[in-house]
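First the structure, in the form of C-alpha cells, and then the observations on it.
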There are 2 protein chains.
Amino acid sequence: MTTIKDIAEKAGVSIGTVDRVIHKRGRVSEETIRAVEKAIRDLNYTPNIFARRLKLAKPVTFGVLMPTMDQDSGYWRLPAAGIKKAKTELACHQVDVRFFHFDRYRPASFSRAFEAMLETDLDGLLIAPVLASLSAKLTARIPPERPYVFFDSTIPGSACLSCTIQDSYQSGMLSARLLNLLCGGIGTLAALRMAPDDYHINERVRGFQHYFSGGLSSGFVIYETDNARDRKSLKRLFRTIIEEHSGLRGIFITNAQTFLFARFLEEEGLAGAIHVIGYDLIQENIDCLKNGSIDFLISQQSDNQGYQGLYTLFRRVVLNEAVEKEIFMPIEIITRENIDYYQQQWSAHV
Amino acid sequence: MTTIKDIAEKAGVSIGTVDRVIHKRGRVSEETIRAVEKAIRDLNYTPNIFARRLKLAKPVTFGVLMPTMDQDSGYWRLPAAGIKKAKTELACHQVDVRFFHFDRYRPASFSRAFEAMLETDLDGLLIAPVLASLSAKLTARIPPERPYVFFDSTIPGSACLSCTIQDSYQSGMLSARLLNLLCGGIGTLAALRMAPDDYHINERVRGFQHYFSGGLSSGFVIYETDNARDRKSLKRLFRTIIEEHSGLRGIFITNAQTFLFARFLEEEGLAGAIHVIGYDLIQENIDCLKNGSIDFLISQQSDNQGYQGLYTLFRRVVLNEAVEKEIFMPIEIITRENIDYYQQQWSAHV
DNA sequence: GTATTTTGCGTTAACGTTAACGCACCACCC
DNA sequence: GGGTGGTGCGTTAACGTTAACGCAAAATAC
C-alpha cells in the first residue's frame, strides 16, 4: 500500500506538503501541486481510512424528524427499526442519534418539532417530509452548511444531500396486475385511497388505474377517505364498499392499514372471497398475510430506508465521502410463502 | 470513548498489561487479570477498530472456487458480480481475491481446481459446493486452521465458517401458487427438473409438488432432463412436452435456463398461452420477463450470496469478528414491473 | 551456594494521517 | 533600513492499539 510518505518521496517534498495538496489547504506552489498530483496518480494512492479515522475521530450527533411511532398503525416503527440498527452499528464511530417526533396530522406539531431540531446543535438531519408544502418551507431554513437527508418520501428540487425514492406509481401497477390475477379477471375491483393528500398514496392509485386503462378487466371503483384514524367510520366505509358492490372480488388498500380491511372481512366471513393487496410489513399485516386474509403485501423496505438514510449521513459527514443523491428502493412482493425471510434482518431492532 | 489507557489507569497497571489481558497473551497474574477485566466492564470499553486496523494492517488473499462463468447459461456471473463488488469495496483493506474455476459437469476438473486452491497460500476460501459428495470429501482435507465459507449451496454437517441458505422447497411452493394463479386453476401444469441430481432443483420440485398435494389444481406433470447443455435435445424435449399435453397452461422451469423455454414458446407463437415461471436474474431471463414470455422469476439473490460470502470471510479473518453460521436469503418475486429496481445494485460488476 | 529459567510487569516504537507550529525567504511600505 | 505581511515549505506531536523488548524478582536447577 502506498502512503503519503511514498508520495512525498516521489515528489521530492515533505508529507506536510502532500497533505496540503490532498486537502487543498493552500500554501503550495502550482509547480509542487502538479508534482504531488502526478505522484498520487502514478503510485495509485488511496488514503488509509483507518489512520484517517483514528486521527479525526470526534463524536457526531444526527437528528431524526419523523412522526410518533404509533401513528399510521405503527408504520413508523419500521423506519425507526432501521435507524436504530444503523445507530447500533455506528456506535463504534461515536455516532449518536436524537429523535424529534411529531403528530403528522397536526401541522403545528410538525413545525414545533422542526424548530426544536433546528435549535439543537446537530451534525446532520434525517427527515421524513410527510407534510410536503410545510416541509419545503421549513427545510429552506436549514443552514446551508448543515446536511440533511430525506427518507420515506422527498421534496423535488430541495437541496437535500440524498433521498430514498420509492416508485409508488409502478408499485400501484404491480398491485393491479396481482389483484387482477387473483380475481381471474372477473368481478369488480376496488381501490381505497387512504389519505388523499399523500403523494405516495396518490401515485399508487394512479399506477393502479393506469394498469386497467387498456380495459383489461371488468370494472373497478375507487373510494377514498381522509379519516383513516377513526376506526368506527372506517368500518362504516368498509361496509358501504361491500354493500355497494356485491360482485366485489378484490380490493387494493393503499397504506399500512390493510389489516383493518382484512380483519373486517374475517369478521364478516368474507376472507378469501374478496382478495386483498396492501402495503407495508407491520406486524398486523403480516399476521393477516399468514392467516390468508391478505393475499399480497407490497414492501418498499421502510426499515431499510431509515437504515440507508442514517448511513448516508454518516458517509458524508464522518467519512467525507461522496454519496448518491437518490437511493432507489425495490418494490418487494411479499406472500405467506416468503415473508419469513424478510422479517429477520430488522426484527431485532423494533 | 474509553481507551486502554483509561483501563490501565483505573486498574493501576500499564497499557501493556491491559493488552496482554485483552488478548490473553499470558504473563499476567490472576489478580491483575481480574482487576483489568473489572475495569473493562466498569468503563464499558470497546476497542477502537481504527487504531487496531491501522496497527495490524496486512494484505490477505481469499480463494474462490466456482464453476466457469459461462456454465448454466451464465448463471455463475451473478455470484461472481457480487464477489467482485465486495472485492472492490474491500480493496482498501488490502483484500485480494483469486478465482479457481472448474467445469461443473466434470468431477475431475472440480478435484483439480480444489487441489490447486489447497496448494495456494490463501487466508480463506469461498466455495460453491456444487458436487455435493465430492465437495464433502475434499473439504475434509482443508487444514482446520484455514477458514472456508460456502455459497450457492451447502454441505450439512461440514465445518464451514458460514454458509448461505436458500429455502428452495419454499420457493417451489411459492412458484406453484403463482403458476396456479396465472392459470386460473384450469388446464395442465408442468414442472421441468433440469438437473435431477442437484439438491436445490430437487427441493424446488418437491415444494412445487407439495403445494398441489391437497389437490388444489387440475393435473400436473413432471419432466426431467440431465442433458440441459445440449440445446437441440432440450428443444426436442420442449416439443414433446407441449405435444403430450395440449391442455398445458403453465410450466415451472427449475433453473436459470428458463429463457430457453420462453424463447421456444415465442418461436412457436405460444408466448402468453402457456405461462412460465423460472429462476434467476440472468440477462436472457430478464429480457423474456420484459417482453412477457416469462411471467415471474424467482431470485434468491445469487449476486448477494457471493457478496455476503466474501464479506463474511473478511469479517472473520481480518476484523476477527464472530460471524453468523447461516445466512438466510430471501425468496424474491420478480416481475416486469419491479425488475428495474433489482438490477441496478450489482450490474456495475458483471 | 551460584546459575538458569520463569513470571509479571512497564516501556517504547511503530502503523498512516492530520494540522498546528515555525522558519526562511521575498515583497512591499513608510 | 526596519517593520509588516504573505508565501512555500518542513517538522512534529498527536490519535489508540499492538507486540517486541527489557528488566527486576521469584522459582527452579545443579
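Because the structure is predicted, anything quoted here is derived from the model rather than measured.
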Protein-nucleotide distance (B:N320, atom CG; D:dT17, atom P), rounded to Å: 15 Å
Helix axis bend for the helix from C:dG1-D:dC30 to C:dC30-D:dG1 - C1'-based end axes, five pairs, 10° rounding: 50°
Spacing between A:K55 atom NZ and D:dG16 atom P, to the nearest angstrom: 10 Å
Rounded interatomic separation in angstrom, taking CZ from A:R27 and C1' from C:dC21: 11 Å
Contact under 4.0 Å: B:S29 side-chain N or O vs C:dC9 OP1/OP2: yes
Sugar-phosphate, base or nothing in reach of A:R53, heavy atoms under 4.0 Å: nothing
pair A:I155-A:C160: side-chain heavy atoms closer than 4.5 Å: no
First encountered from the 5' end of DNA chain C, between B:T32 and B:A51: B:T32
B:V318 vs B:R53, side-chain contact (heavy atoms from CB on, under 4.5 Å): CA-CA, chis, key distance, verdict: CA-CA 9 Å; B:V318 178; B:R53 290 293 307 141; 3.1 Å; yes
Side-chain touch A:S111/A:L134, heavy atoms, less than 4.5 angstrom: yes
Spacing of A:L43 atom CG relative to C:dG16 atom P, expressed in whole Å: 14 Å
Contacts of type ring-ring contact (aromatic ring centres under 6.0 Å, His included), residue B:F99, not counting sequence neighbours: B:H101
Whole-Å distance separating the CG atom of B:L56 from the C1' atom of C:dG16: 14 Å
Any side-chain heavy-atom pair of A:F100 and A:L122 under 4.5 Å: yes
Whole-Å distance separating the CZ atom of B:F50 from the P atom of C:dA14: 25 Å
Touch class at under 4.0 angstrom, heavy-atom based, for B:R52 against every strand present: sugar-phosphate
Salt bridge flag under 4.0 Å for residues A:R315 and A:E324: no
Salt bridge flag under 4.0 Å for residues B:K38 and B:D42: yes
Polar side chain donor-acceptor pair, A:Q301 to A:Y307, under 3.5 angstrom: no
Members of residues 4-22 of chain B that approach DNA chain C, where some heavy atom sits under 4.0 Å away: B:V13, B:S14, B:I15, B:G16, B:T17, B:R20
Parallel, tilted or perpendicular, as decided by the 30° and 60° cut-offs, for the rings of A:W76 and A:F151: perpendicular
Interatomic distance, A:K58 NZ vs C:dT17 C1' [rounded to whole Å]: 15 Å
Distance, rounded to the nearest Å, where B:R25 contributes CZ and D:dA20 contributes C1': 9 Å
